[in-house]
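Quick caveat: nothing in here was measured; it's all calculated off a predicted structure. Chain letters run A, B, ... following the sequence lines, proteins first and then strands; every chain starts at 1.
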Amino acid sequence: MASIDLDKMLLKIKSTQWSLSDIDWDAPGAELITEEQWPKLKEFMADLMWIEHVGARAFAAMSKKAPNDTLKEIYSYFHAEEQRHANAEMALMKRWGMLDGDEIPEPNINLRLVIEWLDRYADEMPVYVLGTVVPMLEIALDGALCKFLLDTVDDPVCHQAFEKINDDESRHLGVGFSVMEMQGHGATYIKTVKMLAPLLDPRLLLGMASYAPLLNKMRDNIVALGLPEEKLYAAMEKFDKIGGRTADGRANPWFQIIRQHAKLVVNRSNRLYHTPVDALVRLTGHIPKRVLPAVPSWVKELTYRPAA
Amino acid sequence: MSTDTDTVKPRRSPDKKAAAKKTAATKKAPANAGAGRKKAAARSKPVAQQVAARCEVLIIGAGFAGLGAAIRLRQQGIEDVIILERAGEVGGTWRDNTYPGAACDIPSNLYSFSFAQNPDWSRSFSGGPEILKYVHYLTDTYHLRPLIRFHENVASLSYDETRGVWRAVTGDKIFEGRSVIMAQGPLSNASLPDMPGIQTYQGHKIHSAMWDHDYDFTDKRVAVIGTGASGIQIIPELVKKAGFVKVFQRTPGWVLPRPDFQTPAWNRGLFRRFPASQDAMRKALFMFHESMALGIIWNSPLTRLIERIGKAHLRLQVKDRWLRRQLTPDFRIGCKRVLMSSDYYPALQKDNCKLITWPIARLSEKGIRTVEGIEHQFDCIVFATGFDVSHSGTPFPVSGIDGRQLNDEWSRGAQAYKSINVSGYPNLFMTFGPNSGPGHNSALVYMESQIDYAVRGIQALRDGNLKALNVKPDVQVAHNQAIQKRLAKTNWNSGCKSWYLTEDGFNATMYPGFATQFAKQMADLDLNDYELITAD
């Protein structure tokens with residue numbers, strides 16, 4: 001598949017905007033959430049919302065680093081769109097009575113670490129690192145989680161909201177994979193080395209140390225919710241399939257790294273990977289909240305209210 | 001037609017007395033300027049033979065440039081001048097831009113004419129009302145009012161080659177002049193931006209250049225769209241009064257501190273008693289701004305230094321890391337206009353103010369919908385979205401020799417000789433024509449050199465008993481090649497999008513050099529550069 005025309009994509013993005021007020025959040029159907037579902041769904045939605053929010057911050061970093069004006073503007077839209085998804089998900093939580101007053105649900109500790117990392121280092125990261133990690137997060141977490149949600153929740157308003165969210169996400173992925181191919185295009189040995197050079201950067205290693213437990217933690221959460229973890233893995237394999245559909249895509253060393261990592265995540269029998277990462281998940285679970293610095297102010301931008 | 005109308009008598013020499021007497025122009029503001037313009041353009045064909053007045057020099061616009069030109073012409077003994085002004089008052093930019101906080105970001109001692117200095121500036125950077133007062137002072141001191149025809153909005157300008165006169169058609173009159181000084185201003189037209197849904201918004205709309213002084217902002221929810229030179233001046237004032245202000249920013253600019261302070265009384269006294277001291281002050285300010293060119297116009301170590309000052313200013317004034325990130329520019333300083341404010345950043349952090357950097361999706365009935373899915377609702381939206389800058393045309397049709405149209409010739413970017421003359425349009429002088437914009441120094445310094453060049457041209461017509469001065473096309477081409485070559489190395493052409501550039505990235509706006517170089521370029525009028533058409 002040829003790369004998409006980014007200028008046309010930008011026009012498409014601009015012409016397909018929607019806002020929270022396009023959805024009637026008080027429409028009937030909220031009662032379709034069963035009592036049994038409710039507590040699990042609450043936790044699940046909080047995670048999902050935070051993942052969107054984290055994705056938003058990553059796009060903000062990519063917008064700063066984008067190699068051209070069109071991509072810069074596209075990423076600034078994606079930044080806002082991910083925030084819109086988080087807002088819409090928060091509105092669903094509000095609808096289902098899952099918000100404690102106006103409080104934004106607390107992010108879990110692994111997300112909290114990722115937020116901290118993003119806030120400190122994301123802007124310094126080369127665009128191709130985030131440009132590969134973000135599609136992975138989107139496809140794995142968004143894709144698998146949203147699918148699970150629609151399979152289990154009957155509320156029509158939820159379906160209405162996710163139809164819009166999924167439309168946005170398909171554009172995000174389209175651009176994401178296209179950019180990965182652009183970066184892999186004609187990758188020479190020197191270019192590969194340059195692209196991999198950030199691996200020596202301790203800031204990136206720190207990022208990976210937050211990313212790996214996040215995936216395992218989300219896997220655990222999904223299992224706790226009764227979703228077969230294979231669904232998550234199926235989504236992650238999609239990354240491999242689409243990202244590797246062209247020679248350019250395969251030539252992108254970061255695609256190869258993330259893909260290899262995904263294989264590790266999927267292979268539960270690989271103890272060499274899972275034992276330390278699971279330990280990390282447990283370990284991070286013990287980090288007391290008070291040792292973490294205050295959340296950055298962009299975190300407080302979330303709202304479930306369609307109008308402000 | 002009014003009583004001062006007379007009919008065309010070809011090749012009639014200008015009648016000075018008549019011109020001086022012709023002061024009582026009928027006041028008739030065009031109800032709809034746009035429609036009036038079209039109608040008048042249609043009438044500009046040589047069918048209407050009624051001429052309201054003719055003169056030696058026709059000046060379009062009674063702002064700083066037009067008034068300054070009239071003063072300098074008169075100082076050279078050229079008295080037969082008519083100024084056509086579309087509004088009912090003098091002042092141009094400073095008459096129109098009366099939004100709260102309007103001020104100049106060049107120190108007043110430099111943002112004034114060297115030949116008419118004002119010892120009484122109350123502040124180092126005076127506000128709009130005081131600058132407008134200075135314009136009125138110029139008008140009255142130099143007795144310019146009798147020259148001005150108010151409410152005459154020029155709809156078209158055409159050159160009659162046979163007679164060697166320019167003919168300006170306004171709403172319902174024709175004015176003729178041997179020479180024309182176009183002083184209508186580069187930033188004189190403003191309109192609401194073409195944003196999706198702008199017509200659906202039902203609340204109050206205000207454009208910064210057409211401020212609604214009757215609107216009471218007290219306790220209102222207000223949006224300000226735009227954070228350019230006007231926006232950053234309006235926001236601190238609105239925050240003082242409005243209930244809540246949301247600022248919509250697309251691109252953060254570089255903001256440098258503005259050392260604005262009250263002029264002490266002794267200082268004013270000193271300037272009044274010893275004008276040489278004010279001259280010295282002006283020269284010092286001039287040299288300081290000139291040195292800034294090294295960092296602002298070209299990429300140099302000074303650029304990094306000025307950027308560091310900008311960043312330090314941001315860090316000192318904004319503590320929150322995310323807000324600081326939102327306000328950090330991602331282009332080289334100088335590429336877009338550098339902003340000067342010490343109270344913009346603090347205003348943004350007031351409890352009743354919030355910076356919104358989400359892209360705007362559309363305007364809705366009640367407010368602004370941004371891409372994060374939220375509708376921000378407002379009582380009033382202030383558009384600080386700048387001016388309609390035309391890089392490839394003139395605000396009204398200008399036709400020259402053989403009916404050539406300046407808009408056509410400029411469709412791929414405006415070009416002139418030394419910013420002031422265009423080949424094929426004899427005796428037409430422009431102020432702030434192509435490539436005359438300063439990025440680092442006072443516009444009035446540039447304006448003075450342009451005015452004096454025009455005056456020299458008009459003087460040459462007189463002295464040589466010439467019908468016309470027409471710049472040679474090859475001279476103009478050579479000039480522009482050199483200018484564009486120099487522009488390629490400047491920060492303006494370093495990749496950011498700004499109003500200095502056309503859609504295609506052509507820079508027809510800025511002058512690539514020091515103000516001193518520009519003054520040198522304008523200092524001599526070489527008649528060898530012109531075709532001289534002698535009077536019959």
Would you mind checking which part of [X] comes under 4.5 Å of any heavy atom in chain A, side chain (CB onward), backbone (N, CA, C, O), both or neither?
X: I368(B); answer: neither
X: K366(B); answer: neither
X: R362(B); answer: neither
X: T328(B); answer: both

Q: Would you please classify the geometry between the H204(B) ring and the Y215(B) ring as parallel, tilted or perpendicular, with 30° and 60° separating the classes?
A: parallel
Q: Take the angle between the ring planes of W298(A) and W322(B) and call it parallel below 30°, perpendicular above 60°, tilted in between.
A: tilted
**Q.** Cationic N near anionic O, under 4.0 Å, D123(A) to R321(B)
**A.** no
Q: Indicate whether any N or O donor in one side chain lies under 3.5 Å from an N or O acceptor in the other, for N87(A) and R305(A).
A: no
Q) Of all of E372(B), Q377(B), K497(B), K246(B), which one pairs up most often with chain A through heavy atoms under 4.5 Å apart? A) E372(B)
Q: Between chain A and each of R325(B), H376(B), Q326(B), count heavy-atom pairs under 4.5 Å; write down the option with the most.
A: R325(B)
Q. Can you tell which of R57(A), H53(A), H172(A) makes a side-chain hydrogen bond (donor to acceptor under 3.5 Å, both in side chains) with E82(A)?
A. H172(A)
Q: Measure across C380(B) and F217(B) and return the closest heavy-atom pair with its distance rounded to 0.1 Å.
A: SG-CE2, 3.9 Å
Q. Non-hydrogen atoms of chain B under 4.5 Å away: do they reach the side chain of E73(A), the backbone, both or neither?
A. neither
Q | Which portion of P306(A) sits near chain B, non-hydrogen atoms under 4.5 angstrom | A | backbone
Q) Of the listed residues (K14(A), H79(A), E81(A)), which shares the most heavy-atom pairs with chain B below a 4.5 Å separation? A) H79(A)
Q. Are more than 12 heavy atoms from other residues, nucleotides or ligands located less than 6.0 Å from atom CG of D100(A)?
A. no
